[in-house]
Amino acid sequence: MNAPNKSGWKPSMQVADATGDSPTTTGNRALMLEEPLLFEIGHTEVTGVDLPEIDESASTRLGGLDRSEPIGLAGMTEPETVRHYTRLSRQNYGIDLGFFPLGSCTMKHNPRLNEKVARLPGFADIHPLAPQNSVQGALEVIHELGDWLKTLTGMPAVAMSPKAGAHGELCGILAIRAAHEARGDAREVVLVPESAHGTNPATAAVAGYRVEDIPATPEGRVDVAKIKERLGPDVAAVMITNPNTCGLFEKDFRTIADAVHEAGGYVYCDGANFNAIVGRVRPGDLGVDAMHINLHKTFSTPHGGGGPGSGPVVFSEALAPFAPLPFVRRDEDSGTFELVEEEAREESRGHTFGRMTAFHGQMGMFTRALTYMLSHGADGLKQVAEDAVLNANYILRSMDDILHAPFADSGPCMHEALFGDKDFGGDLSTLDLAKGLIDEGYHPMTVYFPLVVHGAMLVEPTETESKATMDQFIAAFRSLVERAKAGDETLKQAPYFAPRRRLDETAAARKPKLAFEG
Ligand SMILES: *Cc1c(COP(=O)(O)O)cnc(C)c1O
């Protein structure tokens, strides 16, 4: 323990707090209010709304489908409901509250300008079924955003409708399947390197392919020789995450792509980590056939509650005809924009596999992402990538003297720094350290992913964090690493100061309590 412990933490503080119950009668801590479950404070006979009694005729119209017993859900009055959810929301943690070093997810600031533009009534109040001549501005936004994505990636076609990264992967793989089938060459296997994101094998399996692993080299990159060995007439595609989930750039991507094409396969690139290379590398130049881009990562649109994400997919010349409908086309003569739907299939995308969504994608995310691009400009986006990489390397080099950094010798990292738990003492684990970070006021980094590193900790600071923020985080992180290495068992009980103490995560996943009993 030679580095200074800047966090000011003393074991006695935590132990005292852990042993004593809350010192207040209410369970509240100053103005942070304790909040029980809805089921514990609600009553079945209370409701926030008064509905008219259902009469005989309505009951008849329902044809006997109306409920005969009360449903028994706990209700609350409107003010109680508002307070319940507002109190819960204050226990939430998000990017607007503090640093969120979640690896592989690019949790960065959502600029307020984006929000302002997205809320303009001309964008916010339109309907997907509105006549096209009444929503020309919205179609132009979709078209222009698509143009930016094509330019930044060096790819000729784009599908805007997929609603998340994983949805984009499915879109890309379905286009690859359609391309193989169009030439009567159904193939069965998709190769996925160990360093890929977990959604890649899941996507290939959902699309009906058999997934085969390709090992990583000791330096954390795809094993090119192993891929070349495995390629053959049964391989439909290779899915490679670049930069990969070890935080490294796949330097041999072009060689791999050439070999895959030679063997008649297609190259899918998981572009969720595009933040690290935007403006610096054009995936089209690397031989990519399809790649999704997470607008909610690289282009700063909000993450949240499982949506709304947006995962447009760019396509190579070879795959473009198989891209899904609809897409927006600009009529060069009139300058108007047109949404090309099913009926135009023949002349446009001759062999499209169909649609990914009922409508055209996430309009609110399109306006935000385009605002972000226009406010940065092409040079600003390049700066984004450079700053994201610089920040990640700052974290890596501020920690690699005390924490196992398996790929520290593989050259600079990209947008995220990867560590392992190799030197922890006692039976302390990565989980204990992550819980300790909560006490220090940080959302933990991604843990136990990627799987190739034991007890992995993946830190992605992004370009939006200042040096001061990172220095504070590093001080907290270092103090926890020192405790873990010293075998400080009090960490096993962390978090001490969160609204809830450590949960049994296995039971929560295996035996979730989804209904109120008694
Ligand atoms: C986030 C992520 C995905 C999945 O994207 P979602 O929008 O969460 O579906 C896929 N691959 C990588 C590398 C990612 O980081």
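In what follows, residues are counted from 1 in the order of the sequence shown. One-based numbering, in listed order, for ligands and for the atoms of each.
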Check each N or O atom of ligand 1 against all protein N or O atoms and list the pairs under 3.5 Å, with atom names and distances to 0.1 Å, one per line.
unit_1: ligand 1; atom_1: 5 (O); unit_2: Asn294; atom_2: ND2; d: 3.0
unit_1: ligand 1; atom_1: 7 (O); unit_2: Gly165; atom_2: N; d: 2.7
unit_1: ligand 1; atom_1: 7 (O); unit_2: Asn294; atom_2: ND2; d: 3.1
unit_1: ligand 1; atom_1: 7 (O); unit_2: His296; atom_2: NE2; d: 2.7
unit_1: ligand 1; atom_1: 9 (O); unit_2: Gly165; atom_2: N; d: 3.3
unit_1: ligand 1; atom_1: 9 (O); unit_2: Ala166; atom_2: N; d: 2.8
unit_1: ligand 1; atom_1: 11 (N); unit_2: His197; atom_2: ND1; d: 3.3
unit_1: ligand 1; atom_1: 11 (N); unit_2: Asp270; atom_2: OD1; d: 3.2
unit_1: ligand 1; atom_1: 11 (N); unit_2: Asp270; atom_2: OD2; d: 2.5
unit_1: ligand 1; atom_1: 15 (O); unit_2: Ser104; atom_2: O; d: 2.5
unit_1: ligand 1; atom_1: 15 (O); unit_2: Ser104; atom_2: OG; d: 2.8
unit_1: ligand 1; atom_1: 15 (O); unit_2: Lys297; atom_2: NZ; d: 2.7

Will you find, in the side chains of His404 and Asp421, an N or O donor that is under 3.5 Å from an N or O acceptor?
-> no
Please determine if Lys511 and Asp504 form a salt bridge, counting it only when a charged side-chain N lies under 4.0 Å from a carboxylate O.
-> no
Could you tell me whether Glu460 and Lys108 make a salt bridge, using a distance below 4.0 angstrom between a side-chain N and a carboxylate O?
-> no
Parallel, tilted or perpendicular: ring planes of Tyr93 versus His443, cut at 30 and 60 degrees | tilted
Electrostatic pair Asp432-Lys435, nearest N-O below 4.0 angstrom = no
Heavy-atom pair of closest approach, residues Ala272 and Thr298 | O-OG1, 4.2 Å
